[in-house]
Amino acid sequence: MNARVVVLPGDGIGPEVVDAALGVLAAAAEPGGHRIDLDRHAIGGAAIRQHGTPLPADTLSACRSADAVLLGAVGDPAFDQAPRHLRPERGLLDIRKALGVYANLRPARLWPGLESTGPLRAERVEGTDLIFVRELTGGLYFGEPRGIDAQFASAVNTMAYSRLEVERVAEHAFRLAARRRRRLTSVDKANVLEVSQLWRRVVEDVAARHPDVVLDHMYVDACAMALALDPRQFDVVLTENLFGDILSDEAGAIVGSLGLLPSASLGDGVGLFEPVHGSAPTLAGRDVANPIGMILSVAMMLRHGLRLEHEASAVEQAVASTLAGGARTADLVEPGRGSAIGCREMARLIADRVRVRVSSTVPSS
């Protein structure tokens, strides 16, 4: 196949993990003769410095016409005091809204060999394999009215959802659950929030169309505790924008590091693929960042964006075997047990395994 992928390296460690992951992408695509053309553009703090805006018009235009968009990270503390429209994160929110990617898939899998890496006991987390489906274009992050007064005496944000917004992301989550273990947990705060009462009613309406999936509801505070106590009970977790942002970061502690977590943002058009972690500016330029979240985002792009299931599976299997072989970046090294390798070396080890796996199954001419 021929495909065009827009690459948005972004800020901080974004360019490093993107470059590392692109080597893995090449290793997955080339043995099968797939041609993937890369088109780089600026976003976030890098775009503000170059173009005076966090989402330049040419960046958005390129993304809209691409087959998929690969994003490193957005965030730069140099702009922390800038007006809202000139902060790097504004570019991230705007591109999500512009592309209409309303369903954010955030898988959290505990890879064999990492059971003791995180702060939770191994017997609590071993076997964890869940996925968050986070609504991405509504809720507090986009609701109006919003603002803060000049004297910093008061501020307002608005959490708002329509039936359509809830229904479409719920439908996506139920279809995903039907392909997994057929269990869906919908997370809300329906005992307090009217928005959550709407959310729960619409989710139940969608559930009626999917009788093969078992639905249960959980308040967000109870879910946060349950994730720490027994994450293995969860299969698909569906929730709104803010709750999904918070809970999916908690998963980083469950699986061993936030640097392991990928995501895919999907809608009715081009998808956006990015790791869950932020720009981590203090790590930038040191070759110490964990590239696996970015590499697994490439796997999600291959699967959901380019429909290359075999290549996607090869990347995931290569990550598993590399970690099982003992390779660790600094965030994964247990005290007193081994030494760390760098971002580039971790990506090289994974790319080598990907190339072998894909090449061994490509039919000869």
Side-chain angles (χ1 to χ4, degrees), residues 55 60 63-66 68-69 71 89-107 131-147 156-180 182-220 223 234-248 263-274 300 304-305:
L55 182 60
L60 181 54
C63 291
R64 282 175 164 156
S65 62
V69 179
L71 170 64
E89 294 78 10
R90 186 72 250 169
L92 181 59
L93 294 176
D94 286 350
I95 196 170
R96 289 171 175 171
K97 193 73 170 181
L99 295 179
V101 286
Y102 57 82
N104 181 225
L105 278 57
R106 295 189 167 196
I131 185 166
F132 295 91
V133 180
R134 168 192 174 192
E135 200 288 324
L136 201 61
T137 58
L140 275 174
Y141 293 0
F142 296 96
E144 297 288 348
R146 64 181 297 156
V156 62
N157 288 96
T158 301
M159 178 183 283
Y161 273 107
S162 68
R163 170 172 282 271
L164 172 62
E165 288 175 311
V166 181
E167 186 173 42
R168 64 186 183 180
V169 72
E171 184 65 37
H172 196 111
F174 275 98
R175 292 199 303 266
L176 178 61
R179 299 193 300 269
R180 289 172 53 92
R182 299 186 178 185
R183 171 81 182 274
L184 189 147
T185 302
S186 178
V187 177
D188 58 40
K189 193 63 175 170
N191 58 335
V192 175
L193 301 175
E194 286 83 358
V195 167
S196 283
Q197 293 165 18
L198 171 71
W199 180 280
R200 185 172 290 208
R201 173 67 65 86
V202 176
V203 169
E204 290 177 346
D205 290 345
V206 176
R209 303 199 293 264
H210 298 272
D212 55 331
V213 175
V214 176
L215 168 68
D216 68 301
H217 299 282
M218 190 173 286
Y219 295 144
V220 62
C223 182
F234 295 102
D235 180 16
V236 175
V237 179
L238 167 66
T239 191
E240 61 85 51
N241 208 340
L242 176 63
F243 298 162
D245 193 358
I246 296 168
L247 293 175
S248 60
S263 81
S265 301
L266 308 176
D268 298 323
V270 60
L272 175 65
F273 304 88
E274 58 178 311
M300 297 188 80
H304 298 285

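All values derive from a computational prediction rather than experimental measurement.
Put simply, the side chain of F234 does not reach to within 4.5 Å of the side chain of R183, judged on heavy atoms. Within the 4.5 Å cutoff, the side chain of D235 has no heavy atoms near those of the R182 side chain. Inter-residue side-chain proximity for V166 and V203 is flagged as met; some heavy-atom pair is nearer than 4.5 Å. Side-chain contact between L93 and F142 is present, with at least one heavy-atom pair separated by less than 4.5 Å. Considering only heavy atoms from C-beta on, V270 comes within 4.5 Å of V69 through its side chain. Counting heavy atoms from C-beta outward, E135 and N104 have side chains that stay 4.5 Å or more apart. The side-chain heavy atoms of R134 and D245, taken from C-beta on, include a pair separated by under 4.5 Å. E171 places a side-chain heavy atom less than 4.5 Å from the side chain of H210.
Heavy-atom contacts from other residues, nucleotides or ligands closer than 6.0 Å to CZ of R175 number more than 12.
Heavy atoms only, all atoms of each residue included: V187 and F243 are closest at O-CD1, 4.4 Å. Contact record, L198 with R163: CD2-N, 4.2 Å, taken as the closest heavy-atom pair. Taking both residues in full, the closest heavy atoms of A173 and L238 are given as CB-CD1, 4.0 Å, listed atom of the first, atom of the second, then distance. Taking all atoms of both residues into account, the shortest heavy-atom contact from Y161 to G138 is OH-C, 3.5 Å. Shown here for F273 and M300, the closest heavy-atom pair between the two residues is CE2-O, 3.5 Å. Among all heavy-atom pairs drawn from S265 and E274, the shortest one is OG-OE2, 4.3 Å.
Atom OG of S248 is separated from atom CD1 of I246 by 9.0 Å, given to the nearest 0.5 angstrom. Taking CG of D188 as the start and CG of L193 as the end, the distance is 8.5 Å to the nearest 0.5 Å. One distance of note links SG of C63 with CG of L99; it measures 6.0 Å at 0.5 Å rounding. Taking CG from L140 and CE from M159, the interatomic distance works out to 4.0 Å, rounded to the nearest 0.5 Å. Distance check: R200 CZ to L215 CG gives 9.0 Å after rounding to the nearest 0.5 Å.
With hydrogens and angles disregarded, a donor-acceptor distance shorter than 3.5 Å links the side chain of T158 to the backbone of P145. Between the side chain of E240 and the backbone N or O of L242, at least one donor-acceptor pair lies under 3.5 Å. Between the side chain of T137 and the backbone N or O of Y102, no donor-acceptor pair lies under 3.5 Å. Side-chain atoms of R201 never come within 3.5 Å of backbone atoms of S196 as a donor-acceptor pair (strictly under, hydrogens ignored). When atom types are taken as modelled, the side chain of N241 and the backbone of L136 share a donor-acceptor pair closer than 3.5 angstrom.
Here E89 pairs with R87 under the side-chain contact (heavy atoms from CB on, under 4.5 Å) rule; sequence neighbours left out. With sequence neighbours excluded, no residue forms a ring pair (Phe, Tyr, Trp, His ring centres under 6.0 Å) with F132.
Taking the ring axis of F174 as reference, the NZ or CZ atom of R209 does not stay both within 45° of it and closer than 6.0 Å to the ring centre.
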